[in-house]
Amino acid sequence: LERSTSSFRYNAYHTLEEIYTWMDNLVAEHSDLVSKIMIGQTFEKRPIFVLKFSTGNKSRPAIWIDSGIHAREWITQATGVWTAMKIVTDCGEEPVLTNILNHMDIFLEVVTNPDGFAYTHSTNRLWRKNRAVNSNSTCKGVDPNRNWDAGFGGVGSSNNPCSETYHGPFPHSEPEVASIANFIQKHKHFKALMSIHSYSQMLLYPYGYRKEPTLDNEELHNLACKAVEALSQVHGTDYIYGRAISTIYVANGITIDWAYEHDIKYSFSFELRDTGIYGFLLPASQIIPTAEETWPAILTIMKHAYKNPY
Amino acid sequence: QKMFSGDQVLRIRAKDQKQLQLLRNLEDSEDLKVDFWHAPARPSLPVDMRVPFSNLNAVKNYLNSSGISYTIMIKDIQVLLDEEKKGMSSSRR
């Protein structure tokens with residue numbers, strides 16, 4: 001196991017155990033900025049951790065970022081790790097981030113589906129869902145990104161437990177989802193949420209389950225445009241952006257729709273690299289370029305949330 | 001550990017809604033065990049699906065007989081997985 005965050009290889013994929021150890025090291029080395037919060041436990045009793053980046057003690061407006069809700073999207077957990085380190089490195093050095101952190105807290109859930117992620121390392125690299133046991137079925141797992149209470153159970157999700165998009169028995173039935181929902185609702189001051197997925201190079205905003213645009217459609221569209229521009233300037237990667245329903249497909253019960261409907265206006269979902277050579281098997285050599293280009297987009301959204309309080 | 005030897009990922013560009021529906025029908029067929037990496041959404045977006053080696057001929061025949069064109073995006077998934085595994089262990093060392 002890696003013994004410090006400086007010897008950790010950010011250009012390699014890591015197991016859950018390695019990432020959890022790295023988190024402990026990060027917290028120990030930067031205790032003035034980072035703390036680790038356990039927000040729940042998975043079906044298989046693994047802890048669910050969130051990293052909190054904060055420069056103040058009071059309850060502040062906050063930004064939520066999660067990666068790895070779909071277990072096999074390894075580039076996302078790896079990007080989450082790199083992003084956490086970037087926040088630590090740039091805080092106090094880079095003016096935009098420093099300014100944000102002087103007024104807001106950032107919460108980053110690097111491995112949002114720990115059971116699924118552990119399963120991808122031990123048994124099936126291409127596993128997507130969590131590892132819940134489904135009653136009356138031999139098939140395991142619920143798609144945690146169809147389990148949110150926003151159009152739950154509708155088109156774009158499945159009621160078949162054997163499907164990759166099984167929505168689960170009821171909204172927030174899955175601990176990976178309920179833990180986040182409870183935490184966000186209890187906190188009450190989240191102003192932006194970014195959920196990181198892969199792969200199709202897209203930046204999406206609500207809705208995924210309704211045809212009508214949100215009341216904030218124009219603002220979200222313009223912000224997505226800016227974020228994508230910032231991203232493409234790093235390595236020239238092309239992203240498309242827009243409402244989830246019209247950019248990709250109808251999807252019910254997804255994170256960003258729930259967040260938007262719970263008053264988190266700046267609610268976005270990233271689909272990181274690639275566009276069709278490797279899919280979920282993106283080579284580790286692309287971890288850092290992917291994370292590097294995603295960061296300015298994240299920063300653009302965070303900065304906008306900070307500059308436009310509501 | 002589950003092996004994916006000979007499994008392929010096919011990239012499909014459906015021409016219209018009718019072809020998309022034909023692709024969606026594949027998902028409902030439990031025998032073929034296809035795994036959509038990019039689900040059928042709209043004609044402008046590609047569909048990527050992982051097909052187990054044992055069902056490759058059946059799926060390709062289905063696509064050919066339906067007039068749906070495809071390319072092979074990943075020829076053998078296990079080859080990529082082996083490389084990934086090798087990379088991880090060398091990184092650990």
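Since the model is a prediction, treat every value here as computed from it, not as a measurement. Letters go in sequence order (proteins before strands), and every chain restarts at 1.
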S.K.: Would you mind checking which part of A:Ser122 comes under 4.5 Å of any heavy atom in chain B, side chain (CB onward), backbone (N, CA, C, O), both or neither?
M.R.: backbone
S.K.: What option among B:Glu27, B:Glu83, B:Lys85, B:Arg11 has the most heavy-atom pairs under 4.5 Å with chain A?
M.R.: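 Heavy-atom pairs under 4.5 Å are most numerous for B:Arg11.
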S.K.: Select, from B:Arg50, B:Lys2, B:Glu84, the one with the greatest count of heavy-atom pairs under 4.5 Å involving chain A.
M.R.: B:Glu84
S.K.: Would one find more than 12 heavy atoms of other residues, nucleotides or ligands at under 6.0 Å from atom OH of A:Tyr10?
M.R.: yes
S.K.: Rounded to the nearest 0.5 Å, how far apart are CD1 of B:Ile77 and CG of A:Leu126?
M.R.: 6.0 Å
S.K.: Would you say that B:Leu81 contacts A:Arg125 through its side chain, given a criterion of any heavy-atom pair below 4.5 Å between the two side chains?
M.R.: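 A side-chain contact exists here, since the closest heavy-atom pair is under 4.5 Å.
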S.K.: Counting only heavy atoms not in B:Asn57 (residues, nucleotides, ligands), do more than 12 fall under 6.0 Å from its CG?
M.R.: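 12 or below, so no.
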S.K.: Side chains of A:His14 and B:Arg92: closer than 4.5 Å at any heavy-atom pair?
M.R.: no
S.K.: With a 4.5 angstrom heavy-atom cut-off, could you sort out which part of A:Ser158 is near chain B: side chain, backbone, both or neither?
M.R.: neither
S.K.: Sequence neighbours left out, what pairs pass ring-ring contact (aromatic ring centres under 6.0 Å, His included) with at least one residue falling in residues 17-46 of chain B?
M.R.: A:Tyr199-B:His38, A:Phe280-B:Trp37
S.K.: Where on A:Trp74 is there a heavy atom nearer than 4.5 Å to chain B: the side chain, the backbone, both, or neither?
M.R.: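 Interface part for A:Trp74: side chain.
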S.K.: Go through the atoms of A:Ser285 and report whether side chain, backbone, both or neither lie under 4.5 Å from a heavy atom of chain B.
M.R.: neither
S.K.: What do you reckon, is NZ of B:Lys33 surrounded by more than 12 foreign heavy atoms closer than 6.0 Å?
M.R.: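 At most 12 heavy atoms, drawn from other residues, nucleotides or ligands, come within 6.0 Å of this atom.
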S.K.: Which bit of A:Arg128 is near chain B, if near means a heavy-atom gap under 4.5 Å: side chain, backbone, both or neither?
M.R.: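 For A:Arg128, no heavy atom lies under 4.5 Å from chain B.
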S.K.: Flag the one option from B:Leu80, B:Asp48, B:Ile74, B:Asp35 with the top tally of heavy-atom pairs under 4.5 Å to chain A.
M.R.: B:Asp35
